[in-house]
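Each remark here refers to the structure printed beneath this line.
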Protein chains: 2
Amino acid sequence: MNIGDVARQSGLPAKTIRYYEDIDLIKPLRDSNGYRAFRESDLHKLTFLGRARSLGFSIAECRALMALYEDQERASADVKKIARQHLNRIDEKLAELKAMRATLSDLIEACAGDHRPDCPILKGLAGGKIQAK
Amino acid sequence: MNIGDVARQSGLPAKTIRYYEDIDLIKPLRDSNGYRAFRESDLHKLTFLGRARSLGFSIAECRALMALYEDQERASADVKKIARQHLNRIDEKLAELKAMRATLSDLIEACAGDHRPDCPILKGLAGGKIQAK
DNA sequence: TCTTGACCTTCCAGTAACCGGAACGCCCAT
DNA sequence: ATGGGCGTTCCGGTTACTGGAAGGTCAAGA
C-alpha cells in the first residue's frame with residue numbers, strides 16, 4: 001500500500017502519516033523507488049492512532065498506548081491509568097470552559113449590542129463589574 | 001513603572017508583556033537606560049488583555065477588542081458580535097469535549113484495570129466496539 | 001514516443017501564544 | 001567594589017501538524 005491508500009483507509013492526511021513516521025510512531029518499509037510501503041499492521045496502527053488522537057490523547061500518550069497495544073503481556077491497569085488521567089484532564093478543561101462560558105454569556109446578556117458606544121463587555125474586560133440589565 | 005511592576009499589577013508574566021509589545025498590542029515608552037516605561041494606560045490595556053485571554057479570546061480577537069476599547073465612537077454591536085462568535089466556539093468545543101468524555105468514560109468503565117492483558121480500551125481504539133461489562 | 005496528470009519524495013517555513021535560558025547591562029545598598 | 005535583583009535582547013523549543021516548493025515516478029492515452 002502506498003501512502004494515499006492508507007490515508008484514505010485510516011482517514012488521516014498523508015502529511016500526518018509522514019509526520020508520524022518522522023517521530024517514529026510507525027515504521028513503514030520502503031519500495032525500491034523510495035515510496036513508503038505500508039503493511040496491514042501499519043494501517044492498524046494508524047487507525048489506532050487516529051482514534052486515540054480524536055479522543056484527545058496527546059502524541060506522548062499515544063506513544064505509550066501504542067507500546068501497550070503492541071505488548072501482549074501488558075496489564076489492562078496500565079492502559080486504564082493513562083485513560084483515567086486523560087479523563088481527568090478532560091474534566092478540568094470542561095470545567096474551565098463552562099466557567100468561561102458563564103462569564104462570557106453574562107457579559108453578552110448585559111450588552112445592548114446597538115449603535116451606542118456604551119458596552120458592558122468592554123467594561124467587564126477592563127475590570128469593571130458586570131451590570132445587570 | 002518598570003515591567004516587574006506592571007507584571008505584578010496585571011498578573012501577567014513579564015515574558016508575556018514583552019511578547020505583547022513585540023506583536024504591537026502595547027507600545028510602552030522607553031527610559032534613557034533602555035528600560036520599558038509603562039504608563040497607567042498601558043497597565044489598563046494589559047489588564048484588559050489578561051482578562052480577555054482568560055476568557056479564551058484569541059490574540060487576533062484581543063486586537064480587535066482593544067481597537068474597539070480605544071475607539072470612543074464604537075458601536076457596542078461590534079463588540080457583541082465578536083463575543084458571540086467566541087461564545088459559539090466555546091459551545092462547539094464544549095460539545096466536542098463532552099462527546100470525547102462520554103466515549104472515553106465508556107471505555108474506562110468496560111476495562112477491568114487489573115493485571116490481565118485483555119483491555120476494552122485498546123480494543124476500542126483499535127476499532128472494535130465497546131463491550132458491555 | 002511523448003506527454004499529461006496523479007502520484008510520490010524531501011525539505012523548509014509557518015502556525016498560536018508563549019516559556020526557558022544564555023549572556024549581558026543597570027542600579028542600589030552594604 | 002561587589003553582590004543581588006532588576007532589566008535587556010536573542011535564540012530555541014513547545015504541540016501537532018499544515019502548506020508549499022522543487023523534483024522524481026508511474027500508468028494511460030494520442
Side-chain angles (χ1 to χ4, degrees), chain A residues 1-39 42-43 45-46 48-66 85-86 89-90 93 96-97 100, chain B residues 1-39 42-43 45-46 48-66 85-86 89-90 93 96-97 100:
Chain A
M1 281 181 290
N2 280 348
I3 201 168
D5 304 320
V6 283
R8 268 180 296 276
Q9 292 183 60
S10 68
L12 294 171
K15 277 276 188 188
T16 299
I17 296 172
R18 290 194 193 99
Y19 173 68
Y20 286 171
E21 183 190 14
D22 230 53
I23 61 173
D24 292 315
L25 278 177
I26 51 166
K27 302 190 200 305
L29 304 175
R30 292 289 178 145
D31 280 344
S32 52
N33 57 11
Y35 286 19
R36 287 168 184 82
F38 295 86
R39 291 152 291 188
D42 294 318
L43 178 54
K45 288 185 197 173
L46 287 170
F48 182 95
L49 287 169
R51 286 175 192 249
R53 292 287 301 125
S54 82
L55 283 180
F57 286 101
S58 71
I59 291 289
E61 286 165 331
C62 287
R63 207 183 289 280
L65 289 172
M66 279 282 290
Q85 286 170 356
H86 181 44
R89 276 205 317 287
I90 288 179
K93 192 73 194 165
E96 196 183 330
L97 274 178
M100 277 185 193
Chain B
M1 282 182 289
N2 281 347
I3 201 166
D5 304 320
V6 283
R8 269 180 295 278
Q9 293 184 58
S10 67
L12 294 171
K15 277 275 188 189
T16 298
I17 296 173
R18 291 196 191 97
Y19 172 68
Y20 286 172
E21 183 191 13
D22 230 53
I23 60 172
D24 292 314
L25 278 176
I26 51 165
K27 303 188 200 305
L29 304 174
R30 292 289 178 146
D31 280 344
S32 51
N33 57 10
Y35 286 20
R36 288 168 184 81
F38 295 86
R39 291 151 291 188
D42 294 317
L43 178 53
K45 288 183 197 175
L46 287 170
F48 182 94
L49 287 169
R51 287 176 189 249
R53 291 287 301 127
S54 81
L55 283 180
F57 285 101
S58 71
I59 292 288
E61 286 166 331
C62 287
R63 207 182 289 279
L65 289 172
M66 280 283 290
Q85 285 170 356
H86 182 44
R89 274 204 317 287
I90 288 178
K93 192 75 193 162
E96 196 184 331
L97 275 177
M100 278 184 192

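A note on names: the letters A, B, ... follow the listed sequences, proteins ahead of strands, and every chain is numbered from 1. What's counted below: heavy atoms across the whole structure, side chains too, no hydrogens, waters or symmetry copies.
- Between B:K93 atom NZ and C:dA16 atom C1' the separation is 14 Å, expressed in whole Å.
- Rounding to whole angstrom units, CG of residue A:D22 and P of D:dT18 are separated by 14 Å.
- Proximity of A:Q9 to A:L46: side-chain heavy atoms (C-beta onward) are nowhere separated by under 4.5 Å.
- Residue B:R30 has its side chain nearest to D:dT8 when only C:dC18, C:dC27, D:dT8 are considered.
- A 4.5 Å side-chain heavy-atom check between B:R36 and B:R30 finds at least one atom pair inside the cut-off.
- Under the 3.5 Å distance criterion, the side-chain polar atoms of B:H86 are matched with a main-chain donor or acceptor of B:L55.
- Across all strands shown, A:I3 has heavy atoms under 4.0 Å from sugar-phosphate atoms exclusively, and none from any base.
- For the pair B:I59 CD1 and C:dG14 P, the interatomic distance rounds to 19 Å; values are reported in whole Å.
- In this structure, B:N33 reaches the C:dC27 phosphate: one of its side-chain N or O atoms is under 4.0 Å from OP1 or OP2.
- If you take NZ on A:K15 and CD1 on A:I3, they are separated by 10.0 Å, rounding to the nearest 0.5 Å.
- In this structure a side-chain-to-backbone donor-acceptor pair under 3.5 Å is present from B:R53 to B:F57.
- Whole-Å rounding puts the B:I23 CD1 to C:dG14 C1' distance at 16 Å.
- With rounding to whole Å, A:R53 atom CZ is found 6 Å from D:dA16 atom C1'.
- Between the P atom of D:dT15 and the CZ atom of A:R63 lies a distance of 11 Å, rounded to the nearest Å.
- Distance, B:F57 CZ to C:dA16 P: 17 Å, rounded to whole Å.
- Listed for the B:N33 side chain is a donor-acceptor partner under 3.5 Å among the backbone atoms of B:Y35.
- If you check residues 11-21 of chain A against DNA chain D, the residues with a heavy atom closer than 4.0 Å are A:P13, A:K15, A:T16, A:Y19, A:Y20, listed by number.
- Residue A:L49 holds its CG atom at 7.5 Å from CD1 of A:I26, rounded to the nearest 0.5 Å.
- Rounded to an integer number of Å, the gap from CG of B:D31 to C1' of C:dC26 is 12 Å.
- Along DNA chain C, the nucleotide closest to B:Y35 and the one closest to A:R36 are compared, and the more 5′ of them pairs with A:R36.
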